[in-house]
Amino acid sequence: MSAEEQSQSLLERIQRPEVSKETQKKIALVEQEFIQAEVEQLRHSTLLLRPLFAKRNEVISSPDLRDTFWTRVMLNAPAEVEEHITMTDATILASTLKNLTVERFEVDDKGVGEPRSFRLTFEFRTGDENPYFTNDKLVKDFYWRKQVITTANGHKRHWDGLVSEPVRINWKEGQDPTKGLLDAACDLAEAEKKKDADTDRKELKEFEALMRKRDEVEADEEPQGEDEEDDVPPDADLSFFAFFGYRGSDVTEEQSKAATKEEEEKFEKLRKGEEVEEENEEDEEDEDDDLEDDFEFIEIFPGGEELAIAVAEDLWPNAMKYYVTDQSIEEVDYSDIDVSEDDEEEQSRPRKKTKV
C-alpha cells in the first residue's frame with residue numbers, strides 16, 4: 001500500500017470510526033458521568049458564590065458605580081453577547097439599564113435542585129428617564145428541561161435544553177426596536193394557554209399574525225453580502241430585546257421529570273451491563289428535521305439559549321472584568337513594542353471568546 005493510500009485509509013478511519021456497540025455503550029456511560037459531575041460542580045459553586053455576588057452587589061451599589069456599572073459591562077460584553085446588540089439597543093441600554101441579576105432559583109439553601117435553570121432580571125430607569133418603555137424590570141426565567149420524543153417510525157429521540165416564556169415589553173409609541181415581533185410572540189404564547197388541548201397552534205389567528213410580522217421584519221433586513229462570514233448567527237440583525245421572546249421548546253415540568261427518570265433508568269442498566277433500547281441512527285437527520293420544524297415557525301430568537309448561557313455563565317460572573325476592560329487597555333503602553341507586519345496582521349484578527 002502506497003503512502004497516499006495509507007493516508008487516505010487513516011483519514012477514512014478517523015472520519016468514520018468503526019466502534020463496537022459495547023464500546024459505544026461505555027462511551028455513553030462515561031459521558032453521562034461527566035455530565036452528572038459537572039452538574040454537581042455547578043450546584044456546589046452556586047452555593048459558594050451566592051455570598052460573593054451579594055458582596056459585589058453592595059460594592060457596585062455605591063454612588064460612584066451604580067449609575068454606570070451595568071451599562072459599561074453590557075457595552076464591553078463578550079462576543080457571544082455583543083454580537084446581538086445593535087446600535088439602537090446600545091443606545092437604549094446605555095441610558096436606561098440600572099442593574100442585572102442572575103439567580104439559580106431552583107437550587108435551595110441546601111444545594112438541592114436543578115442548577116442549570118436560572119433567572120435573568122434586568123432593572124431599568126422609569127418615567128422621564130426612560131423614553132423607550134414603561135417596565136421598571138424585565139424578568140425572564142429559563143428552565144432546564146428534558147424530553148423523550150417518539151418518532152413516527154417508533155424511534156426515540158432525546159432533547160434537553162432551556163425553555164422560557166416570552167416576556168412582554170411595554171414600549172412607548174414608536175420606540176419598539178423589535179418592530180412588533182416581540183408583541184406578536186407574546187400574543188401567540190398567551191393564546192396557546194387559552195386554546196383547547198386538541199387545537200393546533202397553527203389554527204390560531206395569533207399564529208398567522210406572527211408569521212406575517214416575521215415576514216415583514218425579514219423583508220426590512222438588509223441582505224447579507226457575499227463577504228459576510230458564514231458563522232454570523234441567524235438572529236444577528238434582530239434587536240437584543242427580541243431575545244425576551246425566546247421560548248426554546250414546549251416541554252412541561254412533568255414531561256421533563258418523566259424523561260429524566262427514563263434516562264436515569266437507562267444509564268443504571270448500562271452500569272449493570274444490561275441491554276438498553278438503542279437509538280436508530282438511520283433516517284435520524286430527516287426525522288429530527290420533521291420534529292423541529294413545528295416549533296421553528298414560532299421561535300423569533302433562535303440563538304436565545306446561547307445568549308442566555310453567555311449572560312449567565314460569562315457576563316454575570318465576570319462583570320468586574322468587563323467593567324474594567326477599557327481601563328486595563330488604557331494602562332498598557334504599546335509605544336515601545338516592536339511589532340512586525342506579520343504580528344500586526346495576526347493581532348488585527350478578532351479572537352473569539354470561549355464560554356466559561
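We use all heavy atoms of the structure for the numbers below, so side chains are in, but hydrogens, waters and symmetry mates are not.
Residues L204 and L188 meet the side-chain proximity criterion, which asks for heavy atoms closer than 4.5 Å. The side-chain heavy atoms of Q147 and V163, taken from C-beta on, include no pair separated by under 4.5 Å. Taking the side chain as every heavy atom from C-beta outward, M74 and L97 approach each other to under 4.5 Å. No side-chain heavy atom of E114 sits less than 4.5 Å from a side-chain heavy atom of V107. The shortest distance between side-chain heavy atoms of K179 and D220 falls below 4.5 Å.
Linking Ile, Leu, Val, Met, Phe, Trp and Tyr whenever their side-chain heavy atoms come within less than 4.5 Å puts L162 and F295 in one cluster. Using a 4.5 Å cut-off between side-chain heavy atoms of Ile, Leu, Val, Met, Phe, Trp and Tyr, with links allowed through other members, L120 and W144 fall into the same hydrophobic cluster. Transitive grouping of hydrophobic side chains (ILVMFWY, heavy atoms separated by less than 4.5 Å) brings L181 and F297 into a common cluster. Residues V139 and W316 are members of separate hydrophobic clusters, defined by side-chain heavy-atom contacts under 4.5 angstrom among Ile, Leu, Val, Met, Phe, Trp and Tyr. By the criterion of side-chain heavy atoms lying less than 4.5 angstrom apart, applied directly or through intervening Ile, Leu, Val, Met, Phe, Trp or Tyr residues, L93 is grouped together with L65 in one hydrophobic cluster.
Taking the ring axis of W70 as reference, the NZ or CZ atom of R56 does not stay both within 45° of it and closer than 6.0 Å to the ring centre. Note that R201 lies outside the cation-pi zone of F207, set by a 6.0 Å cut-off to the ring centre and a 45° limit from the axis.
Expressed to the nearest 0.5 Å, how far CG of D89 lies from CZ of F240 amounts to 7.5 Å. One distance of note links NZ of K110 with CG of L47; it measures 12.0 Å at 0.5 Å rounding. Annotation: the span from N130 atom CG to N135 atom CG amounts to 8.5 Å, rounded to 0.5 Å. Once rounded to the nearest 0.5 Å, the distance linking CG of L49 with NE2 of H44 reads 9.0 Å. Separating the OG1 atom in T121 from the NZ atom in K137 is a distance of 6.5 Å, to the nearest 0.5 Å. Interatomic distance, CZ of R43 versus CD of E38, reported as 12.5 Å (0.5 Å rounding).
Between the N57 side chain and the A54 main chain, no donor and acceptor come within less than 3.5 Å of each other. Not one N or O on the side chain of D314 forms a donor-acceptor pair closer than 3.5 Å with the backbone of A310. Counting only distance, with no hydrogens or angles, the side chain of D196 and the backbone of D198 share no donor-acceptor pair below 3.5 Å. Remark: the backbone N or O of M87 is paired with a side-chain donor or acceptor of T91 at under 3.5 angstrom. Side chain of R214 to main chain of I300: no donor-acceptor pair is present (N/O by atom type, distance under 3.5 Å, no hydrogens or angles).
Counting heavy atoms of neighbouring residues, nucleotides and ligands inside a 6.0 Å radius, atom NZ of K195 exceeds 12 of them. The environment of Q41 atom CD is sparse: at most 12 non-hydrogen atoms of other residues, nucleotides or ligands sit within 6.0 angstrom. More than 12 heavy atoms of other shown residues, nucleotides or ligands fall within 6.0 angstrom of atom CG in D108. Environment of NZ in K26: sparse, with no more than 12 heavy atoms of neighbouring residues, nucleotides or ligands closer than 6.0 Å.
Screening F122, W171, Y132 for a ring-ring contact (aromatic ring centres under 6.0 Å, His included) with F241, the sole residue that qualifies is W171. For the side chain to side chain contact (heavy atoms under 4.5 Å, CB included) test with K257, the passing option among E253, Q255, E254, K261 is E253; the others fail.
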Test log, rule side-chain hydrogen bond (donor to acceptor under 3.5 Å, both in side chains), inputs K146 and S256: CA-CA 5 Å; K146 289 181 179 290; S256 184; over 6 Å; no

Stepwise side-chain hydrogen bond (donor to acceptor under 3.5 Å, both in side chains) test for D136 and T126: CA-CA 6 Å; D136 62 344; T126 57; over 6 Å; no

Stepwise salt bridge (charged side-chain N to carboxylate O under 4.0 Å, His left out) check, K213 with D183: CA-CA 10 Å; K213 182 56 65 176; D183 279 341; over 6 Å; no

Chi angles and distances behind the salt bridge (charged side-chain N to carboxylate O under 4.0 Å, His left out) call for E263, K266: CA-CA 5 Å; E263 184 179 76; K266 172 184 176 181; over 6 Å; no

Evaluation steps, ring-ring contact (aromatic ring centres under 6.0 Å, His included), between F118 and Y143: CA-CA 7 Å; F118 54 85; Y143 296 88; over 10 Å; no

Check against side-chain hydrogen bond (donor to acceptor under 3.5 Å, both in side chains), S20 and T23: CA-CA 5 Å; S20 67; T23 300; 2.9 Å; yes

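Of the charged side-chain nitrogens involved, none lies within less than 4.0 Å of a carboxylate oxygen, so that R125 and D128 do not count as a salt-bridged pair.
With ring centers used as reference points, F142 lies under 6.0 Å from F243.
When all heavy atoms are compared, the tightest approach of A90 to I85 is N-CG2, 3.7 Å. Contact detail for T71 and A94: the closest heavy-atom pair is CG2-O, 3.6 Å. When all heavy atoms are compared, the tightest approach of W159 to G248 is CZ2-O, 4.3 Å. In plain terms, the two heavy atoms of K202 and D200 that are nearest each other are N-OD1, 2.7 Å. Closest approach of S164 and K140 over heavy atoms only: OG-NZ, 2.9 Å.
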